[in-house]
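A short write-up of the structure that comes next.
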Amino acid sequence: EHHHHRIQQHRQKRRHRFQYLTRTIYGGGWFHPLRFITQCFLSLHNHHNFLINQFNKRMISLRVPAPSSFNLQRFNSGALERRWKLGRDCFLSFTPNRIGLGVRAAKSEMAPFTAAEEETLPEGLQPELMPKHVAVIMDGNGRWAKNQGLQPWDGHRAGVEALREIVELCGKWGIQVLTVFAFSTDNWIRPKIEIDFLLSLFERTLKSELETLAKNNVRISIIGDSSKLPNSLLKVINEVEEVTKNNTRLQLIVAVGYSGKYDVLQACRGIAQRVKDGEIEVEEIDEILIEQELETNVTEFPYPDLLIRTSGELRVSNFLLWQLAYTELFFAQEMWPDFGRNGFVEALMSFQQRQRRFGGRKS
Amino acid sequence: MGGEVRQLLEQIHRFSRRCLFRVLSMGPLPTHLAFIMDGNRRYAKKRGLEDGSGHKAGFSTLMSMLQYCYELGIKYVTIYAFSIDNFRRKPEEVQSLMDLMLEKIKSLLDKESIVHEYGIRVYFIGNLGLLNDQVRAAAEEVMKATAKNSRVVLLVCVAYNSTDEIVQAVKRSCVDKADRDTERIQLVDIEENMQMSVAPEPDILIRSSGETRLSNFLLWQTGNSQLFSLDALWPEIGLRHLVWAILNFQRSHSYLEKRKKQL
């Protein structure tokens, strides 16, 4: 009797362990061979892609790196410089092999755009088909840092570097508006440490880049719900917007505390106020009126032609709702710090090959 | 003889499909699937058929996809049938599309149609005032006839633009709040005035024919949906595409659920 009970217990334990194993594989209840096989296949496929990416990265690093692609050494030497310059309110992550690296790379700040660089579009890109407005969701900093064995704040700083590169490219290639998704209303749930770091990183970057941007004729606008942002950041934002408001070459729109639904909601509130004041009738509300009330009215091209999202997620995550009606979407597999010039060229080439019909017929 | 073999093959297909769906349903399944049925004209041109037959082939594909979805147990299915922008096409084409729609809507009222087989409740979403009277009357009749069904729901977007839907919702919420001075409009006010509020947000949006854009479809509701862009044209879409989309959804589902719980 007792022996039988012991055998049952043993069997149950084995079954539980087995079920735990299958549950972690699939999260379901029962073990099904077909599902297991398809899951294995899909994860192998992904691992295969991951391995190919790793291989490509290593191959690239064996060659002399192109000056505009992201590389860790230049970033690190620049990072030391930045820490010394910018003070101690960010987290420091010291590892022995990253202190005291050699000579600083030739340019870690944006040099003024020279006329010669302006005309050289890479092969395959046609100047008349360039998008006027590009939107970017800079996703994957945290995951990139984890893959490299770094801390998440390093990922964010790498992201700022990558953004600098893209802004430079946009200025050179005649893209007129670049919208970047820096911080969403959903991101407020992240740990407070990370939020504080992100906002202070943003503030520091704005302050340090103000001169460069003004020199390069770049106009900055910030959109989003500014009610939750700290006052120091708001002051810097106002100052930066004021100083750069007459620049014409490239307009950089940074979305902080922004979400598409929030934008439509505040447009709706503005319209409701105007209706109450008697300025407009309810029947006069139409799409053009809403477009004028949206926060993207700071630019004359409020609708992106191309939206790029990195890190392989196939979602829009509530960024730019109304404005994405006819936007071409491009999903890149790399994480944002790896995106760089190559990824950007690939996205633009894909955009130029698409046929945009806007609901009509192409004839 | 041929008929019997065909019946037997169909039985085998049905049985194997049931097994496959039983396996799939062990993992998380989406509750709401949305389709953009793109590529009918290109299909007709590719096959060298006449102009209208691409859409007819598309309709039969739609019926089989609906059957698979409902067999799998997906409760809400939304399809993008006709956009307000499509009115800008040539009048003959628009007219032939309207005729096809009228014919198919009327066939939904038949006794043996898929509506009665699966107990589907049909909604027609969009600015129905832009349609001609016959189509509108038929649509309203179908909506009334299926109002009592509750097992599964089919939302057909006809004369629909997401921006138009938002404008209508904004108008309605302005009118609602006009008399109440102290309250500001909240997100829920706009959301409950949207026509698509009868269904939850889509989990997956599938677009055929390889284009990767939303084309003014469900902009408000697809903020957090997975977007899949399949290279096949709509009449070429089959069971394997649906299964592939659902498997990919299941892979990223656990991560998404974690994020949603945090929110």
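Order of the sequence lines sets the chain letters (A, B, ...), proteins ahead of strands, with each chain counted from 1.
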Response to the item:
Among residues 283-307 of chain A, those lying within the under-4.5 Å heavy-atom range of chain B are A/Glu283, A/Ile285, A/Asp286, A/Glu287, A/Ile290

Item to complete: Heavy atoms only: give me the nearest B/Asn224-A/Ser317 pair and the separation to one decimal.
Response: OD1-CA, 4.0 Å

Fill in: Backbone of A/Tyr326 reached by a side-chain donor or acceptor of B/Arg213 within 3.5 Å
no

Item to complete: Let me know which of B/Thr222, B/Ile166, B/Leu214 forms a side-chain contact (heavy atoms from CB on, under 4.5 Å) with A/Leu321.
Response: B/Ile166

Worksheet item: Say you draw a straight line from OG1 of B/Thr163 to CG of A/Leu324; how long is it, rounded to the nearest 0.5 Å?
Response: 12.0 Å

Discussion item. Quick check for you: among B/Asp189, B/Val170, B/Ile84, which has the greatest number of heavy-atom pairs under 4.5 Å with chain A?
Written reply: B/Val170

Discussion item. Walk me through whether A/Arg315 and B/Leu227 qualify under side-chain contact (heavy atoms from CB on, under 4.5 Å).
Written reply: CA-CA 6 Å; A/Arg315 289 192 303 277; B/Leu227 310 169; 5.7 Å; no

Practice prompt. Enter the distance from A/Gln323:CD to B/Leu219:CG here, rounded to the nearest 0.5 Å.
Written response: 9.5 Å

Discussion item. Counting only non-hydrogen atoms closer than 4.5 Å, does B/Phe228 touch chain A with its backbone (N, CA, C, O), its side chain (CB onward), both, or neither?
Written reply: side chain

Worksheet, complete the sentence: residues 190-198 of chain B vs chain A, non-hydrogen distance cutoff under 4.5 Å, contacting residues -> B/Ile190, B/Glu191

Discussion item. Out of A/Ala325, A/Gly260, A/Ser350, return the one with the most heavy atom pairs under 4.5 angstrom to chain B.
Written reply: A/Ala325

Worksheet entry | Interface moiety of A/Phe319 toward chain B, non-hydrogen atoms closer than 4.5 Å | neither

Worksheet item: Can you tell me how far the OG atom of B/Ser215 sits from the CD atom of A/Glu328, to the nearest 0.5 Å?
Response: 8.0 Å

